[in-house]
Amino acid sequence: MFSKGKGISKLMLLLFVYFLLPLASFAQCAMCRASLESSGNKTKVEAVNDGIVFLMAIPYILAAAIGFVVYRMYSKKEK
């Protein structure tokens with residue numbers, strides 16, 4: 001069957017691909033939402049939503065990268 005290392009590698013790859021999928025987010029703070037809705041500019045609303053998603057994604061990508069590096073360090077030690 002599969003060795004433990006291959007299973008974990010496939011899981012890591014699957015999680016990496018999952019995090020790359022685009023996510024639709026409509027999250028805004030109440031003040032930002034009220035300010036943007038009153039202006040009536042739909043482009044600004046979409047830009048703010050995209051900025052929120054971008055700022056939210058960066059820490060998760062960094063944490064995943066650090067976790068992957070740590071995993072690789074420990075897997076090399078075991079050999």
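As the structure is a prediction and not an experimental result, all values here were calculated from the model.
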* Return the set of residues passing side chain to side chain contact (heavy atoms under 4.5 Å, CB included) with Leu14 (not counting sequence neighbours), or none when no residue passes. =>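 Checked Leu14 against side chain to side chain contact (heavy atoms under 4.5 Å, CB included); zero matches.
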* Asked: What's the spacing between Asp50 CG and Leu55 CG if we round to 0.5 Å?
  ->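 Going from CG on Asp50 over to CG on Leu55, the span is 11.0 Å.
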* To do: Supply the atom-to-atom distance Phe68 CZ to Leu15 CG, rounded to the nearest 0.5 angstrom.
  =>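 Here the interatomic distance stands at 12.0 Å.
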* When clusters are formed from ILVMFWY side-chain contacts under 4.5 Å, directly or step by step, what else is grouped with Val69? ->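 Grouped by the 4.5 Å side-chain rule, Met73 form the rest of the cluster around Val69.
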* To do: Flag yes if Phe54 and Leu62 sit in one hydrophobic cluster, no otherwise; membership is Ile, Leu, Val, Met, Phe, Trp, Tyr, and two members link when side-chain heavy atoms are under 4.5 Å apart.
  => yes
